[in-house]
K.L.:
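Let me give you the structure first, and then I'll get to my questions.
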Protein chains: 2
Amino acid sequence: MPSATVENYVKKILVLSLETSEGQVGMGEIAKGLDVAAGTATSMIKTLEREKLVRYKSRQGVTLTAKGRKLGMDMLRRHRLVETFLVETLGLDWTEVHQEAEELEHAISDKVLDRLDEFLGRPEFDPHGDPIPTKDGKFAERRIRNLLECQSKQPCTIKLLTDQSTDFLNFARRKGLVPGTAVEVTNRDLISDAVELGVGKGKPFTLGSKAAKKILVSS
Amino acid sequence: MPSATVENYVKKILVLSLETSEGQVGMGEIAKGLDVAAGTATSMIKTLEREKLVRYKSRQGVTLTAKGRKLGMDMLRRHRLVETFLVETLGLDWTEVHQEAEELEHAISDKVLDRLDEFLGRPEFDPHGDPIPTKDGKFAERRIRNLLECQSKQPCTIKLLTDQSTDFLNFARRKGLVPGTAVEVTNRDLISDAVELGVGKGKPFTLGSKAAKKILVSS
DNA sequence: GACGAGACTTTGACTAATCAAAACCAAATC
DNA sequence: GATTTGGTTTTGATTAGTCAAAGTCTCGTC
């Protein structure tokens with residue numbers, strides 16, 4: 001059994017590697033992402049290599065092996081199913097479940113997880129709009145763009161906020177920008193670096209490009 | 001925050017001290033109960049003493065302080081609520097939830113626990129029939145006797161099996177001796193060291209006194 | 001009162017995970 | 001080619017929890 005620490009490293013490497021195209025992750029990113037000293041990450045990565053969870057070229061980067069990707073996907077599945085449960089069933093706020101899930105994902109057995117999945121009706125997306133990997137480690141492809149890439153005048157649905165800081169989530173909620181909401185880009189002006197957005201019946205308002213990029217939608 | 005290990009020691013001491021009248025627990029019992037070497041228990045108990053969770057007289061025994069009892073009760077509450085959830089909501093078998101709960105009880109936050117409690121309808125007893133402590137660390141008194149102490153011909157209800165080994169629980173289930181079931185002692189013979197028991201409409205059968213003592217009922 | 005058995009404590013060693021700080025390398029700059 | 005800079009690796013120490021084995025009590029028996 002991998003320790004909770006090992007699980008966290010692998011999950012972090014998976015998430016970071018999904019964000020880049022090459023799938024190679026730098027030591028610095030890992031240390032930063034897990035909030036540990038650089039040297040701690042280096043030595044832990046060597047342990048993961050011994051366990052055949054990652055491949056590691058000194059001073060170049062880390063990539064997951066098939067075994068590592070499997071474990072990482074499993075952790076992502078655990079995390080997202082737990083989040084879904086906390087929001088759907090226990091009625092917690094979707095802005096605050098991340099930390100809770102961070103603990104529970106390591107404590108829940110495969111059997112209980114499976115029952116939970118069934119109880120929740122085998123959901124495909126978690127409350128943040130992220131896809132939940134299936135048991136064999138695949139997730140449904142999203143056809144998703146960020147608001148900046150969106151056609152004007154086309155109705156679409158918010159699927160995911162990529163910045164999960166509490167501040168940003170609170171801002172988003174105040175504006176009604178929660179996953180599932182229908183929105184429409186009413187105006188795009190790339191020169192002034194802004195997007196005008198209509199949410200439901202409300203009066204349109206303007207978002208800067210930084211924020212617009214963080215909001216993913218499907219049409 | 002106490003570590004999972006500390007929580008386990010305190011919970012075990014609480015459970016052991018509830019079984020004796022004096023509330024004093026020997027070092028050997030603790031080591032045995034947690035399946036660690038004797039020396040490990042000794043050194044851990046010293047740590048607990050530093051944390052003011054227990055009082056400890058060398059070579060005499062360990063008692064919980066108020067702080068320790070509070071923590072222990074909290075862990076018992078966590079454990080039993082989680083078990084209730086696993087059986088009631090996810091439909092797991094009550095003979096197998098103990099191990100699952102053993103892990104989850106350390107990972108669940110107070111907030112989530114409270115929501116879970118609410119979701120379950122603030123249950124007073126877990127699937128084994130054990131009372132669930134309230135948030136302020138008290139539990140409903142049980143007026144409960146074991147089958148050996150039971151009056152003949154008096155209908156009563158099974159509340160709790162004190163032996164939670166899988167073997168015993170399986171035996172009990174085969175015989176229909178699960179918490180909630182109505183039973184009746186049809187005959188008591190203290191000389192032959194046996195109790196004859198009727199379960200529902202079925203033909204009465206005989207239990208040895210050892211087994212009878214492990215089955216608690218309320219009338 | 002001495003003895004022995006069994007419970008308890010002490011000692012020394014080990015593992016996983018961590019940090020701080022020193023040492024090191026590689027790539028851009030001069 | 002020499003130098004600086006910033007990320008990376010190494011080194012040495014620390015903490016929590018553990019075990020095995022050696023040492024120490026305590027109590028019942030003679």
Side-chain angles (χ1 to χ4, degrees), chain A residues 1-13 16-17 19-20 22-64 67-68 71-72 75 102-103 105-107, chain B residues 1-13 16-17 19-20 22-64 67-68 71-72 75 102-103 105-107:
Chain A
M1 277 300 95
S3 67
T5 307
V6 166
E7 290 178 345
N8 280 335
Y9 273 84
V10 170
K11 185 178 58 157
K12 181 58 75 177
I13 295 165
L16 289 172
S17 73
E19 286 173 7
T20 70
E22 319 97 39
Q24 178 137 133
V25 183
M27 202 54 82
E29 294 178 86
I30 297 171
K32 201 69 153 304
L34 292 168
D35 198 35
V36 295
T40 305
T42 301
S43 87
M44 194 63 203
I45 291 301
K46 287 183 183 172
T47 312
L48 298 189
E49 195 180 33
R50 248 174 281 124
E51 301 289 329
K52 307 231 188 295
L53 290 164
V54 302
R55 254 164 274 114
Y56 165 52
K57 290 271 185 185
S58 193
R59 283 167 209 275
Q60 304 225 158
V62 179
T63 51
L64 289 175
K67 182 180 170 191
L71 176 58
M75 293 318 296
E102 207 63 24
E103 294 295 321
E105 65 189 10
H106 305 294
Chain B
M1 276 302 93
S3 67
T5 307
V6 167
E7 290 178 343
N8 279 335
Y9 273 84
V10 170
K11 187 178 58 156
K12 182 57 76 178
I13 295 165
L16 290 173
S17 73
E19 286 174 8
T20 70
E22 318 95 42
Q24 176 137 132
V25 183
M27 202 54 83
E29 294 177 87
I30 298 171
K32 199 71 156 299
L34 292 167
D35 198 33
V36 295
T40 305
T42 301
S43 88
M44 193 63 202
I45 291 301
K46 287 182 182 173
T47 311
L48 299 188
E49 193 178 34
R50 248 175 279 126
E51 301 289 328
K52 307 235 188 292
L53 290 164
V54 302
R55 255 165 271 113
Y56 165 52
K57 291 271 183 185
S58 193
R59 284 167 208 274
Q60 304 222 160
V62 180
T63 52
L64 289 174
K67 184 179 171 193
L71 176 57
M75 293 317 296
E102 207 62 23
E103 295 294 321
E105 65 190 8
H106 306 294

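Every chain is numbered from 1, with letters handed out A, B, ... down the list of sequences.
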K.L.:
Please state how far atom CD in A:Gln60 lies from atom C1' in C:dA26, giving the value in whole angstrom units.
P.N.:
11 Å
K.L.:
If we ignore hydrogens and angles and just use 3.5 Å, is the side chain of B:Glu29 paired with the main-chain N or O of B:Gly26 as donor and acceptor?
P.N.:
yes
K.L.:
Counting side-chain heavy atoms from C-beta on, which of D:dT18, D:dG17, C:dC19 comes nearest to B:Ser43?
P.N.:
D:dT18
K.L.:
Less than 4.0 angstrom between a side-chain N/O of B:Tyr9 and OP1 or OP2 of D:dT18, yes or no?
P.N.:
yes
K.L.:
Give B:Thr40 one of three labels, base, sugar-phosphate or nothing, depending on what nucleic acid heavy atoms sit under 4.0 Å from its own.
P.N.:
base
K.L.:
Nearest to the side chain of A:Val36, heavy atoms from C-beta on, is which of C:dA17, C:dT9, C:dT18?
P.N.:
C:dT18
K.L.:
Select one nucleotide: of C:dT9, C:dC25, C:dC19, the one nearest the side-chain heavy atoms of A:Ala37.
P.N.:
C:dC19
K.L.:
Take the protein atom NZ of A:Lys46 and the nucleotide atom P of D:dT8, then report the distance between them rounded to whole Å.
P.N.:
14 Å
K.L.:
Which nucleotide in the list D:dT10, D:dT18, C:dT9 gets nearest to the side chain of A:Thr42?
P.N.:
D:dT10
K.L.:
So, B:Thr40 side chain and B:Val36 main chain: donor-acceptor pair closer than 3.5 Å or not?
P.N.:
no
K.L.:
Could you walk me through whether A:His106 and B:Glu103 pass the side-chain contact (heavy atoms from CB on, under 4.5 Å) check?
P.N.:
CA-CA 9 Å; A:His106 305 294; B:Glu103 295 294 321; over 6 Å; no
K.L.:
When you match A:Gly39 and A:Ala4 each to their closest nucleotide on DNA chain C, which lands nearer the 5' end?
P.N.:
A:Ala4
K.L.:
What is the distance, to the nearest angstrom, from the CZ atom on B:Arg50 to the C1' atom on D:dT15?
P.N.:
12 Å
K.L.:
Is there a side-chain contact between B:Tyr56 and the phosphate of C:dT9, meaning an N or O under 4.0 Å from OP1 or OP2?
P.N.:
yes
K.L.:
Quick one: do B:Ile45 and B:Ile13 satisfy side-chain contact (heavy atoms from CB on, under 4.5 Å)? Show the steps, please.
P.N.:
CA-CA 10 Å; B:Ile45 291 301; B:Ile13 295 165; 3.9 Å; yes
K.L.:
Nearest whole angstrom, please: distance from the P of C:dA5 to the CZ of B:Arg59.
P.N.:
18 Å
K.L.:
For the side chain of A:Ala38, starting at C-beta, report the closest nucleotide among D:dC19, C:dA7, D:dT9.
P.N.:
D:dT9
K.L.:
Would you kindly give the CD1-to-P distance between B:Ile30 and C:dC8, to the nearest whole Å?
P.N.:
9 Å
K.L.:
Carefully, step by step, assess B:Gln24 and B:Val62 under the rule side-chain contact (heavy atoms from CB on, under 4.5 Å).
P.N.:
CA-CA 6 Å; B:Gln24 176 137 132; B:Val62 180; over 6 Å; no
K.L.:
For C:dA17, does OP1 or OP2 lie under 4.0 Å from any side-chain N or O of A:Ser3?
P.N.:
yes
K.L.:
I'd like to know whether NZ of A:Lys67 has more than 12 heavy-atom contacts from other residues, nucleotides or ligands below 6.0 angstrom.
P.N.:
yes
K.L.:
Round to the nearest Å and state the distance from B:Ile45 atom CD1 to D:dG17 atom C1'.
P.N.:
13 Å
K.L.:
When the distance from NE2 of A:His106 to P of C:dA17 is rounded to whole Å, what number comes out?
P.N.:
12 Å
K.L.:
Please report the distance, rounded to the nearest Å, between CE in A:Met27 and C1' in D:dT10.
P.N.:
13 Å
K.L.:
Kindly say if B:Ser58 contacts the phosphate of C:dC8, meaning a side-chain N or O under 4.0 Å from OP1 or OP2.
P.N.:
no
K.L.:
Tell me what A:Gly28 touches on the nucleic acid: a base, only sugar-phosphate, or nothing, going by heavy atoms under 4.0 Å.
P.N.:
sugar-phosphate
K.L.:
Go through C:dA17, D:dT18, D:dG17 for me and flag the one nearest to the A:Thr5 side chain.
P.N.:
C:dA17
